Enquirer: 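What follows is a structure written as structure tokens; I'll ask about it next.
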2 protein chains.
Amino acid sequence: MRRGSPAGPRREEHSAARVDKFLATALDLFAERNFASVTIKDIAQSLGVNTALIYYYFDSKTDLFRATIEHAVGRAFENVRTLEDKSADPPTVISAWLENHVNKYAEIHRFVKIALDFRGAHEGDPNIANAIERFYDEERKLLSKVIRQGIKQGLFKPVDPNRMAQFISTYLDGCMVRSVILSDFDLEDAVRDLHRRALDMLGYSGKRRMKRQRR
Amino acid sequence: MRRGSPAGPRREEHSAARVDKFLATALDLFAERNFASVTIKDIAQSLGVNTALIYYYFDSKTDLFRATIEHAVGRAFENVRTLEDKSADPPTVISAWLENHVNKYAEIHRFVKIALDFRGAHEGDPNIANAIERFYDEERKLLSKVIRQGIKQGLFKPVDPNRMAQFISTYLDGCMVRSVILSDFDLEDAVRDLHRRALDMLGYSGKRRMKRQRR
DNA sequence: GTCTATAGAATGATAGAC
DNA sequence: GTCTATCATTCTATAGAC
């Protein structure tokens with residue numbers, strides 16, 4: 001819960017962008033290290049701001065963490081939604097979704113790391129747990145929906161859409177972890193590998209495979 | 001580096017089992033929470049022992065962490081080696097390896113979590129980094145070797161063994177993370193799914209699938 | 001809104017008795 | 001080997017000036 005003002009009259013909207021900057025910085029730090037490792041001082045310093053100021057915007061360190069993760073989930077959703085609208089062709093949406101994991105790697109792996117960290121430090125807060133599970137749910141829905149479309153359009157074999165979606169996103173999570181853990185892990189290559197195999201499993205033999213960047 | 005005695009004459013072997021117990025307990029805690037969250041006091045309490053005693057066995061908290069992770073990697077290797085000897089039939093070894101991830105889930109997911117945590121808290125210690133990378137390397141070698149055997153024996157299609165191995169183990173990492181993050185993630189099911197797909201990719205149509213899969 | 005100053009609690013680590 | 005006692009440091013959080 002964000003505060004408005006501590007005691008005085010509410011100044012209202014002043015802070016919107018300010019808070020965003022706080023949250024962005026906090027996200028960086030919480031993802032790079034973890035909740036317990038990052039101190040309020042670290043965050044304040046990163047912002048070029050005094051420690052006490054953080055308590056003007058947030059009730060506690062935990063509160064800041066919650067706000068941070070909720071904000072991150074929000075942004076991730078945006079990403080997903082944009083992708084969904086962008087195109088109607090199922091194979092293209094799948095490609096875009098995979099490319100998204102390569103391009104937005106920084107954001108997504110941050111999310112995965114924080115989600116993992118959360119389970120070890122805040123075993124209680126249902127708000128955070130909820131946000132995380134909703135994210136994964138949404139992810140699965142997006143994929144299974146587009147696979148279902150592809151099947152209906154006769155582009156894909158009649159596989160189980162949910163299962164296939166889960167398979168893909170589980171592998172992608174694996175990629176996110178490995179690219180953090182293993183210094184020589186080639187994310188782009190690993191995702192391209194999945195792409196190839198996924199299309200095979202879907203029985204899609206279109207010659208258009210994953211593209212580099214171009215449109 | 002483990003100490004012998006602090007100043008007095010070395011008492012030698014007394015501690016072997018004792019140290020193991022310390023490390024096992026530390027592993028539990030470091031995996032459940034993370035390096036910074038776990039205090040020396042926590043570990044001491046878990047052991048029913050005084051704080052100071054830990055400093056009798058280890059130089060510092062970081063030293064304890066290093067010993068813990070090296071110990072864990074050692075045990076993981078044992079697992080791998082045993083598996084390798086157990087059987088010569090490639091499809092069986094693959095099955096066993098996947099089952100291993102389900103059965104020894106507790107150990108393996110601990111390892112993955114700690115490995116991930118490490119990158120955020122000890123960005124320096126080459127010993128730890130080394131241990132982790134060696135583990136993954138060994139894992140990949142085991143799988144690619146057995147796939148290569150299968151191909152030579154005409155059981156599998158001539159796929160790229162390294163690539164296939166990496167694909168499998170990346171997915172397995174994904175499973176490990178998800179089972180921590182998502183409370184309703186069905187690990188056994190997810191691994192069984194991989195098993196089916198992997199055998200398909202390998203062109204292995206043997207009737208014998210993964211145990212417990214009766215339909 | 002932002003800062004200075006500091007309280008109050010924990011934590012990593014050490015000295016030394018037994 | 002194991003414990004008691006304690007120090008020095010670090011950290012979250014608050015009070016209050018500007």
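This one's a predicted model, so the numbers in the text were calculated from it and none came from an experiment.
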Enquirer: So which protein nitrogen or oxygen atoms get under 3.5 Å of nucleotides 4-11 of chain D's nitrogens or oxygens?
Expert:
{"unit_1": "dT4(D)", "atom_1": "OP2", "unit_2": "Asn50(B)", "atom_2": "ND2", "d": "3.2"}

Enquirer: Just to verify, what does Thr51(B) make a side chain to side chain donor-acceptor pair (under 3.5 Å) with, not counting sequence neighbours?
Expert: none

Enquirer: What residues form a ring pair (Phe, Tyr, Trp, His ring centres under 6.0 Å) with Phe30(A), not counting sequence neighbours?
Expert: Phe35(A), Phe65(A)

Enquirer: What is the distance from CD1 of Ile54(B) to C1' of dT11(C), rounded to the nearest Å?
Expert: 13 Å

Enquirer: Please enumerate all residues that pass salt bridge (charged side-chain N to carboxylate O under 4.0 Å, His left out) together with Lys145(A), with sequence neighbours excluded.
Expert: Glu84(A)

Enquirer: Which donor-acceptor pairs under 3.5 Å do the side chains of residues 176-187 of chain A make with protein atoms, sequence neighbours left out?
Expert:
{"unit_1": "Arg178(A)", "atom_1": "NE", "unit_2": "Thr170(B)", "atom_2": "OG1", "d": "3.4"}
{"unit_1": "Arg178(A)", "atom_1": "NH1", "unit_2": "Ser169(B)", "atom_2": "O", "d": "3.0"}
{"unit_1": "Arg178(A)", "atom_1": "NH1", "unit_2": "Asp173(B)", "atom_2": "OD2", "d": "2.8"}
{"unit_1": "Arg178(A)", "atom_1": "NH2", "unit_2": "Ser169(B)", "atom_2": "OG", "d": "3.0"}
{"unit_1": "Ser179(A)", "atom_1": "OG", "unit_2": "Cys175(A)", "atom_2": "O", "d": "2.9"}
{"unit_1": "Ser179(A)", "atom_1": "OG", "unit_2": "Met176(A)", "atom_2": "O", "d": "3.0"}
{"unit_1": "Ser183(A)", "atom_1": "OG", "unit_2": "Glu133(B)", "atom_2": "OE2", "d": "3.0"}
{"unit_1": "Asp186(A)", "atom_1": "OD1", "unit_2": "Glu188(A)", "atom_2": "N", "d": "3.3"}
{"unit_1": "Asp186(A)", "atom_1": "OD1", "unit_2": "Asp189(A)", "atom_2": "N", "d": "3.1"}

Enquirer: Please identify each residue that fulfils side chain to side chain donor-acceptor pair (under 3.5 Å) with Asp42(A), with sequence neighbours left out.
Expert: Arg33(A), Thr39(A)

Enquirer: Rounded to the Å, how far apart are Lys21(A) NZ and dG1(C) P?
Expert: 16 Å

Enquirer: Between dC3(C) atom C1' and Gln45(A) atom CD, what is the distance in whole Å?
Expert: 15 Å

Enquirer: Check Asp137(A) with Arg134(A), please: is the shortest side-chain N to carboxylate O separation under 4.0 Å?
Expert: no

Enquirer: Looking at dG1(C), dT14(C), dA13(D), which one has an atom nearest to any side-chain atom of Tyr55(B)?
Expert: dT14(C)

Enquirer: Nearest whole Å is fine: how far is dG1(D) P from Phe58(B) CZ?
Expert: 13 Å

Enquirer: Rounded to the Å, how far apart are Leu53(B) CG and dG12(C) P?
Expert: 16 Å

Enquirer: Please determine whether a side-chain nitrogen or oxygen atom of Tyr56(A) lies at a distance below 4.0 Å from atom OP1 or OP2 of dC3(C).
Expert: no

